[in-house]
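Note that the coordinates shown come from a computational prediction; the quantities given were computed from them, not determined experimentally. In what follows, chains are A, B, ... by sequence order, proteins preceding strands, each numbered from 1.
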There are 2 protein chains.
Amino acid sequence: MSLKHAILGYLTVQPLSGYDLKKVFDHALGYFWSATHSQIYRTLDRLVRDGEATQEVVIQRDRPNKKLYQPTEAGWDELRRWLAEPHGLPTLRHPLLVQLAFAELLDDDQVVALLEDYGARLAERIGRYRDPAHHQHIYLARTPRERFLWWSTLDNGIATLEAELCWVERTIDGFRALPEGHHHPLEADHDRD
Amino acid sequence: MSLKHAILGYLTVQPLSGYDLKKVFDHALGYFWSATHSQIYRTLDRLVRDGEATQEVVIQRDRPNKKLYQPTEAGWDELRRWLAEPHGLPTLRHPLLVQLAFAELLDDDQVVALLEDYGARLAERIGRYRDPAHHQHIYLARTPRERFLWWSTLDNGIATLEAELCWVERTIDGFRALPEGHHHPLEADHDRD
DNA sequence: CTGCCCATGTAAATGGTTACATGATTGA
DNA sequence: TCAATCATGTAACCATTTACATGGGCAG
């Protein structure tokens with residue numbers, strides 16, 4: 001349900017097209033919600049159908065026409081309602097941890113490779129979030145209060161990524177320090193009976 | 001795709017029924033993957049249909065019969081294949097951060113209430129993860145290596161939750177320290193034209 | 001003339017949540 | 001007699017991903 005609210009939320013900042021929104025999701029909202037363009041276009045249609053946003057076609061020469069969307073009063077109400085009520089912890093879906101949990105089927109090098117690959121992705125993303133070029137959108141905030149809140153969402157992203165990177169390093173070290181058990185990956189003991 | 005692999009993975013540890021698996025997801029795999037019983041039953045059916053697991057009916061007196069599942073050789077192969085290849089960072093979907101991002105529509109008390117509620121949920125979950133009663137399943141590991149890996153997945157959960165709790169406190173403090181702007185929540189400026 | 005940016009969508013499939021549905025046994 | 005535990009599932013819906021599909025303008 002919150003994709004709708006994220007879109008509605010950003011439309012209160014500025015009327016935008018689906019194409020624009022996709023860029024906002026890729027650059028600014030990326031660290032707490034992601035969406036594909038097909039999802040965005042369908043959600044915008046639904047908002048208009050439900051009377052929570054209006055659509056305005058903007059004719060352009062030299063480039064394709066676009067449709068700008070804006071929340072209606074009903075849209076603002078719905079958004080305010082959703083924003084004020086508490087929502088649970090994000091549900092986790094963490095493929096790397098599934099891999100680690102069942103890594104008895106892998107040999108030591110494969111386990112280390114998975115962790116190192118994951119660490120590299122984390123480091124790359126932390127680098128991007130720390131890059132001032134990535135902070136531009138924060139200066140579009142309408143008040144110091146909003147600027148603080150936007151910066152906080154980024155801070156959350158950086159803090160959790162760094163905690164994970166730290167965990168990756170700790171885990172690689174601990175794994176290497178395990179008493180050498182000449183580990184042989186488990187095999188299916190097929191047809192034991 | 002990884003629900004299938006999480007199930008397959010746990011079935012290599014021990015043949016289990018759908019009902020048992022649900023409990024495993026609730027207690028042991030909970031910090032990196034969640035699933036409802038309806039999802040589990042459907043996935044088990046699919047595994048059998050696809051020849052990746054076998055089903056065995058166990059007749060019980062005094063309680064309902066149950067169906068135990070075990071991976072086939074094809075299941076082991078599929079699992080090994082999936083475990084060895086890298087999967088991207090988990091895609092984030094973080095409702096609280098959406099709320100914070102658009103909190104210009106809320107007043108100060110509402111923002112603090114959201115953060116405090118979130119912090120309380122985090123603290124409660126950290127407490128559960130730290131509780132030794134919650135660690136029982138780790139001792140079922142088949143090797144010291146596996147024990148280390150299972151403990152690491154829990155460690156990941158605790159570390160990221162604590163990073164977030166820390167962030168919550170920092171954010172509440174920073175928010176309260178904002179220069180008092182007599183904040184009035186934004187209103188839709190309807191019918192300006 | 002190639003490839004990127006602009007700008008829009010649809011279709012099909014997969015994945016996930018919620019609600020509906022049943023029924024025996026055991027312990028308080 | 002009430003609630004919990006054991007044990008299974010289906011149906012409807014909602015959310016997400018991936019692939020298909022189009023087409024003009026502009027810069028190198």
Query raised in the report: Can A:L11 and A:L44 be said to form a side-chain contact (heavy atoms from CB on, under 4.5 Å), step by step?
Result: CA-CA 11 Å; A:L11 292 179; A:L44 286 170; 4.2 Å; yes
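- Atom CG of A:N65 and atom P of D:dG24 are 13 Å apart (whole Å).
- A side-chain donor from one of B:D20 and B:S17 sits under 3.5 Å from a side-chain acceptor of the other.
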Report summary line: Scoring nucleotides 11-22 of chain C by protein non-hydrogen atoms under 4.0 Å (B base, S sugar-phosphate only, - none) yields B---SBBB----
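- Linking Ile, Leu, Val, Met, Phe, Trp and Tyr residues whenever their side-chain heavy atoms come within less than 4.5 Å places A:L165 and B:W167 in a single cluster.
- With ring centers used as reference points, A:W151 lies 6.0 Å or more from A:H135.
- As a whole-Å value, the separation of A:D45 CG from D:dA15 P is 15 Å.
- Atom-to-atom distance recorded for B:Y69:OH and B:Q55:CD is 4.0 Å, nearest 0.5 angstrom.
- Contacts of residues 56-63 of chain B with DNA chain D (heavy atom under 4.0 Å): B:Q60, B:R63.
- A salt bridge is defined here as a Lys NZ or Arg NE, NH1 or NH2 lying under 4.0 Å from an Asp or Glu carboxylate O, and B:R130 with B:E162 meets this definition.
- Between the P atom of D:dT17 and the CZ atom of A:F25 lies a distance of 12 Å, rounded to the nearest Å.
- A:Q14 meets the side chain to side chain donor-acceptor pair (under 3.5 Å) test with no other residue; sequence neighbours excluded.
- Rounding to whole angstrom units, OH of residue A:Y41 and C1' of D:dT17 are separated by 17 Å.
- Side-chain contact between A:Y41 and A:K22 is absent, with no heavy-atom pair separated by less than 4.5 Å.
- One can place CG of A:D50 at 13 Å from C1' of D:dC14, the figure rounded to the nearest angstrom.
- Of all the heavy atoms in B:A35 and B:I40, the pair that sits closest is CB-CG1, 4.0 Å.
- B:W150 and B:Y10 have parallel rings, their planes meeting at less than 30° on a 0 to 90° scale where 60° marks the start of perpendicular.
- Nucleotide D:dC6 holds its C1' atom 14 Å from the CG atom of B:L68, rounded to whole Å.
- Helix bend of the helix from C:dC1-D:dG28 to C:dA28-D:dT1: the angle between its two end axes, each built from five pairs, comes to 40° after rounding to 10°.
- One atom, CG of A:L21, and another, C1' of C:dG9, lie 15 Å apart when rounded to the nearest Å.
- Between the side chains of A:H5 and B:Q99, no donor N or O sits under 3.5 Å from an acceptor N or O.
- Phosphate contact (OP1/OP2 of C:dC6, side-chain N/O of A:K22, threshold under 4.0 Å): absent.
- Less than 4.0 Å separates DNA chain C from at least one heavy atom of each of the following residues of residues 11-19 of chain A: A:S17, A:G18, A:Y19.
- The residue B:K23 sits close only to the backbone: its heavy atoms come under 4.0 Å of sugar-phosphate atoms, none of a base.
- For residues 12-32 of chain A, the set of pairs meeting the ring-ring contact (aromatic ring centres under 6.0 Å, His included) definition, not counting sequence neighbours, comprises A:Y31-A:Y129.
- In this structure, the CG atom of A:D20 is 13 Å from the C1' atom of C:dC5, given to the nearest Å.
- No hydrogens or angles considered: nothing links the side chains of A:N156 and A:T153 as a donor-acceptor pair under 3.5 Å.
- Between atom CG of residue A:D77 and atom CG of residue B:L105 there is a gap of 10.0 Å, rounded to the nearest 0.5 Å.
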